[in-house]
Amino acid sequence: MRDIDNVTTSSAEPLPKRPSSILRDISVSALVAGVISALVNYSGPFLIVLEATRAAGLNEAQTASWVWAVSIGNGVCSIALSLFTRMPIIVAWSTPGAALLIASLGGFSFTDAVGAFVVASVAAAVFGYTGWFGWLLDRVPAPVLQALLAGILLPFVISAAGAFQAAPLLAGTVIATYFVGKRFFDRYAVLAALLAGVAAVALTGAFHPMAVGLTITGPVFTTPTFSLAALVSIGLPLFIVTMASQNAPGLALLRSEGYVPRDRLLVGSISTVSALLAPFGNHGINIAAITAAIAAGPESHRDKNRRYIAGISAGLSYLLVGFFGGFLVSGFQSIPSETITALAAVALLASTVTALKGAMSGNSHTGVAALTTLAVTMSGVVLIGVGSAFWGLLAGSAVYLILLPRGSENGGRS
């Protein structure tokens, strides 16, 4: 990854000229692109967030508040930043972060977890505003960071086999639909798997009872407490994973589509909102990458200066879902766990493949360090109350430094 200084030099450049009328820039294609971008997030990565709330042992009100917090944060940031920058800024929750929480939350009180959420978001804001973000990433080998992500995600992909064994029809329908979708309509494969999975549950009568009602979701405030063990086991890995695997690729995506993103503004402001919403359950929001490609690409609009409408459209979709999050939570909780597990697995496949490729992209020294990180992270080991993600990162970095040839001290991003 390029050093952050090479990116933040764009901060001095003037913003693109604003069009005289937003109404003139509205197009059906951009509106649809934004809605689809948000919908794909809810049909795939959102399942990981729900699994994290279950791991935390939250009641229905707290779970709905978590949904409210991440949705409102995504919506407000997407709309405000898209309007201000005239770029399609899509904000999303940290999916790898939520996956990390599934394994980490069980040993801590939820108040300690909220404290870790606050600290992780505040740290992200500081590192974003100051430009330390890129400097820090340049000190850690990219394959080690990717191996950390792969170690977090891979167990959830593997869990699909157990789900298939327990419920072959339900899990098998999801998995088969996903791969058929990858062959014929790649972008909507996860969405198709969700719809097919729900249809299979309905046809077999496997739905759990749910409370039906479009009640408006309200936030539930949790007073954060701060535990050193929770900060190290939850806050630090959450901060690293969100910054390295979400914000960094999100900025790269915008650059690849011809935009000049102001990373200090984007990372800093989004992380600030994330910290403010943490006491309501938000574990972390960030610049989206994969789903943002729907809004930032040519399918949104031929003129890239009019694609920011997709960011506004996605933001409005987030807000709508956020206000009715309780109904959404009840709906997802009525789906059998085998279907949810299979859906989560296929939703994480692409991210896992990317992470595994990145982990093995370096030389023999970084390869060994990355494999060490992957093995320790996947082990689930907990030492002195600290989870395996931290120990995986520490072990991989230590192995990298031991194997680093003399005179290669500047090879942190090899």
Side-chain angles (χ1 to χ4, degrees), residues 1-8 11 45 48 70 73-74 77 81 89-101 104 116-153 231-255 261-278 282-292 351 354-355 358-359 370 373 377 387 389-390 392-394 396-397 412-413:
M1 181 182 299
R2 298 183 300 175
D3 187 88
I4 200 71
D5 292 336
N6 295 331
V7 180
T8 55
S11 299
I48 312 301
V70 295
N74 290 348
C77 290
L81 291 172
I89 306 299
I90 305 296
V91 180
W93 45 79
S94 174
T95 304
L100 181 151
L101 296 178
S104 303
F117 298 168
V118 172
V119 171
S121 293
V122 169
V126 171
F127 275 73
Y129 285 131
T130 60
W132 295 344
F133 176 33
W135 182 91
L136 177 66
L137 290 183
D138 277 345
R139 310 274 84 73
V140 182
V144 170
L145 290 173
Q146 291 297 320
L148 172 67
L149 176 59
I152 292 168
L153 300 182
L231 293 179
V232 175
S233 186
I234 298 176
L236 180 59
L238 181 61
F239 163 73
I240 292 173
V241 167
T242 299
M243 297 294 277
S245 65
Q246 299 279 167
N247 283 324
L251 291 170
L253 170 70
L254 290 170
R255 290 197 299 267
R262 301 172 63 184
D263 57 281
R264 295 181 189 234
L265 167 68
L266 298 181
V267 175
S269 60
I270 293 170
S271 300
T272 299
V273 173
S274 182
L276 294 174
L277 290 171
N282 168 55
H283 68 288
I285 57 175
N286 46 251
I287 306 171
I290 298 174
T291 54
S351 296
T354 300
T373 302
T377 303
F390 173 78
L393 178 62
L394 186 63
S397 298
R413 297 297 295 172

K.L.:
Look up atom OG in Ser233 and atom CG in Leu238, then write down how far apart they are to the nearest 0.5 Å.
P.N.:
11.0 Å

K.L.:
Please name the pair of heavy atoms, one in Ala370 and one in Ala147, separated by the smallest distance, quoted to 0.1 Å.
P.N.:
O-CB, 3.1 Å

K.L.:
Pair Ser269, Val273 - check side-chain contact (heavy atoms from CB on, under 4.5 Å), show working.
P.N.:
CA-CA 6 Å; Ser269 60; Val273 173; 5.8 Å; no

K.L.:
How far apart are the closest heavy atoms of Gly392 and Thr377, and which atoms are they?
P.N.:
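The answer is CA-OG1, 3.5 Å.
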
K.L.:
Would you check if Phe117 and Ile234 make a side-chain contact, meaning some heavy-atom pair closer than 4.5 Å?
P.N.:
yes

K.L.:
Show the nearest heavy-atom pair for residues Ala359 and Pro143, with the distance to one decimal.
P.N.:
O-CB, 3.3 Å

K.L.:
Of all heavy-atom pairs between Ala275 and Val122, which one has the smallest distance, and what is that distance?
P.N.:
CB-CG2, 3.9 Å

K.L.:
Any chance you could measure Ser121, atom OG, to Ile285, atom CD1, to the nearest 0.5 Å?
P.N.:
7.5 Å

K.L.:
So, does Ser274 use its side chain to make a donor-acceptor pair with the main chain of Ile270 at under 3.5 Å?
P.N.:
no

K.L.:
Do Asn247 and Thr242 have side chains that get closer than 4.5 Å, going by heavy atoms?
P.N.:
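SC-SC contact between Asn247 and Thr242 confirmed.
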
K.L.:
With a 4.5 Å limit on heavy-atom distance, are the side chains of Val267 and Met243 in contact?
P.N.:
yes

K.L.:
If you round to the nearest 0.5 Å, how far is CD1 of Ile90 from CD1 of Ile287?
P.N.:
11.5 Å

K.L.:
Assess the residue pair Leu266 and Leu254 against the criterion (side-chain contact (heavy atoms from CB on, under 4.5 Å)); give the C-alpha distance rounded to whole Å, side-chain angles, the decisive distance to 0.1 Å, and a yes or no.
P.N.:
CA-CA 12 Å; Leu266 298 181; Leu254 290 170; 4.2 Å; yes

K.L.:
If you look at every heavy atom in Leu277 and Gly73, which pair is closest and at what distance?
P.N.:
CD1-CA, 3.4 Å

K.L.:
Going from CZ on Phe127 to CH2 on Trp132, what distance comes out if it is rounded to the nearest 0.5 angstrom?
P.N.:
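It comes to 6.0 Å.
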
K.L.:
Start with the C-alpha gap between Tyr129 and Ser271, add the side-chain angles, then the distance that decides, and say whether side chain to side chain donor-acceptor pair (under 3.5 Å) holds.
P.N.:
CA-CA 10 Å; Tyr129 285 131; Ser271 300; over 6 Å; no

K.L.:
Any side-chain heavy atom of Pro237 sitting closer than 4.5 Å to one from Leu393?
P.N.:
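No, side chains not in contact.
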
